[in-house]
Amino acid sequence: LERPATQKIGRLREQKVNEALKNLKKKGEIRDYFWSGKLSYADLIEGVDFIFVYVDTKYKICRFSVTGWNWVEKHRKKHSDIPILPVGLKESRESIERKILSLKNSDEKFSHQ
């Protein structure tokens with residue numbers, strides 16, 4: 001397991017993403033989302049922190065991992081099939097929302113029907 005300080009920073013990043021997803025749902029840009037939670041199968045085995053549902057002629061889901069810029073390559077090596085959303089601690093909710101929405105339009109290998 002990671003050090004406690006690192007865990008707190010990671011949790012802060014995830015909380016920022018959670019707020020962005022909540023706002024995107026409220027605005028109708030995504031249909032719904034799920035936060036996998038620490039020590040869940042999705043988190044530990046698959047490397048998935050969040051899943052969101054959107055409609056693009058049919059329902060689709062997008063799974064992704066959240067981390068800081070310094071750990072992107074580590075995450076990419078461990079879970080190459082999961083998109084990574086790097087989030088800065090001072091990054092705005094609007095910036096995070098734009099990154100999340102860009103996942104909808106990213107390579108189809110990251111989208112699941």
Side-chain angles (χ1 to χ4, degrees):
L1 293 174
E2 301 172 46
R3 296 181 307 242
T6 305
Q7 288 178 351
K8 286 181 184 178
I9 292 170
R11 195 54 145 179
L12 178 60
R13 290 180 206 284
E14 289 178 357
Q15 287 172 342
K16 290 173 79 68
V17 171
N18 186 58
E19 288 300 315
L21 285 164
K22 186 185 302 182
N23 195 52
L24 288 171
K25 180 180 176 182
K26 181 180 175 183
K27 293 190 302 186
E29 305 249 9
I30 64 171
R31 189 81 165 144
D32 210 349
Y33 69 96
F34 173 75
W35 188 353
S36 68
K38 286 292 176 206
L39 305 179
S40 68
Y41 178 86
D43 178 45
L44 292 175
I45 306 302
E46 296 178 345
V48 174
D49 294 317
F50 290 93
I51 300 168
F52 68 89
V53 179
Y54 63 100
V55 179
D56 181 21
T57 66
K58 56 185 165 181
Y59 282 86
K60 293 187 178 183
I61 66 166
C62 181
R63 308 172 304 150
F64 66 96
S65 176
V66 176
T67 192
W69 286 102
N70 293 337
W71 294 275
V72 169
E73 284 308 312
K74 178 183 173 187
H75 280 251
R76 190 168 284 134
K77 287 178 186 175
K78 194 171 180 181
H79 301 286
S80 60
D81 57 333
I82 303 297
I84 300 160
L85 193 78
V87 174
L89 294 177
K90 295 182 179 181
E91 192 164 353
S92 70
R93 188 189 76 226
E94 292 81 10
S95 172
I96 296 168
E97 287 177 13
R98 283 191 299 274
K99 288 181 181 180
I100 292 168
L101 291 175
S102 74
L103 292 175
K104 283 175 37 175
N105 303 319
S106 66
D107 191 341
E108 275 297 309
K109 74 177 184 175
F110 294 132
S111 289
H112 306 279
Q113 300 176 17

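Residue numbers count from 1 along this sequence.
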Leu101 and Trp35: same hydrophobic cluster, using ILVMFWY side-chain contacts below 4.5 Å? yes
From CD1 (Ile61) to CG (Asp32), nearest 0.5 Å: 12.0 Å
What distance separates Glu91 CD from Arg98 CZ, expressed to the nearest 0.5 Å? 8.5 Å
State the CG-CD1 distance between Leu24 and Ile96, to the nearest 0.5 angstrom. 10.5 Å
Within the side chain of Lys16, is there an N or O that forms a donor-acceptor pair under 3.5 Å with the backbone of Arg93? no
Kindly indicate whether the side chain of Arg63, heavy atoms from C-beta on, has any atom under 4.5 Å from the side chain of Asp81. yes
I would like to know whether Asn23 and Glu97 meet side-chain contact (heavy atoms from CB on, under 4.5 Å); could you show each step before the answer? CA-CA 8 Å; Asn23 195 52; Glu97 287 177 13; 2.7 Å; yes
Same cluster (ILVMFWY, side-chain, under 4.5 Å), Val48 and Ile84: no
Using a 4.5 Å cut-off on heavy atoms from C-beta on, say whether the side chain of Tyr33 contacts that of Ile51. no
Spacing of NZ belonging to Lys25 relative to CD1 belonging to Ile30, to within rounding of 0.5 Å: 8.0 Å
Grouping I, L, V, M, F, W and Y whenever their side-chain heavy atoms are under 4.5 Å apart, do Trp71 and Ile9 come out in a common cluster? no
Other residues, nucleotides and ligands only: do more than 12 of their heavy atoms fall within 6.0 Å of NZ on Lys27? yes
List the steps and the verdict of side-chain contact (heavy atoms from CB on, under 4.5 Å) for Val53 and Tyr59. CA-CA 7 Å; Val53 179; Tyr59 282 86; 3.7 Å; yes
Spatial distance of atom CD (Glu94) from atom NZ (Lys99) [nearest 0.5 Å]: 13.0 Å
Would you say the rings of Tyr54 and Phe52 are close, in the sense that their centroids are separated by under 6.0 Å? yes
Output yes when a side-chain donor or acceptor of Arg13 lies under 3.5 Å from a complementary backbone atom of Val87, and no otherwise. yes
Measure the spacing between OG of Ser65 and CZ of Phe50 and express it to the nearest 0.5 Å. 10.0 Å
Under a 4.0 Å threshold between the charged nitrogen and the carboxylate oxygen, would Lys104 count as salt-bridged to Asp56? no
Output, in order, the C-alpha distance, side-chain angles, deciding distance and verdict of side-chain contact (heavy atoms from CB on, under 4.5 Å) for Leu21 and Ile100. CA-CA 8 Å; Leu21 285 164; Ile100 292 168; 3.9 Å; yes
Just one of Arg76, Lys77, His75 clears the side chain to side chain donor-acceptor pair (under 3.5 Å) bar with Glu73, so which one? Arg76
Given Asp49 and Glu14, is the side-chain contact (heavy atoms from CB on, under 4.5 Å) satisfied, shown in steps? CA-CA 8 Å; Asp49 294 317; Glu14 289 178 357; 3.3 Å; yes
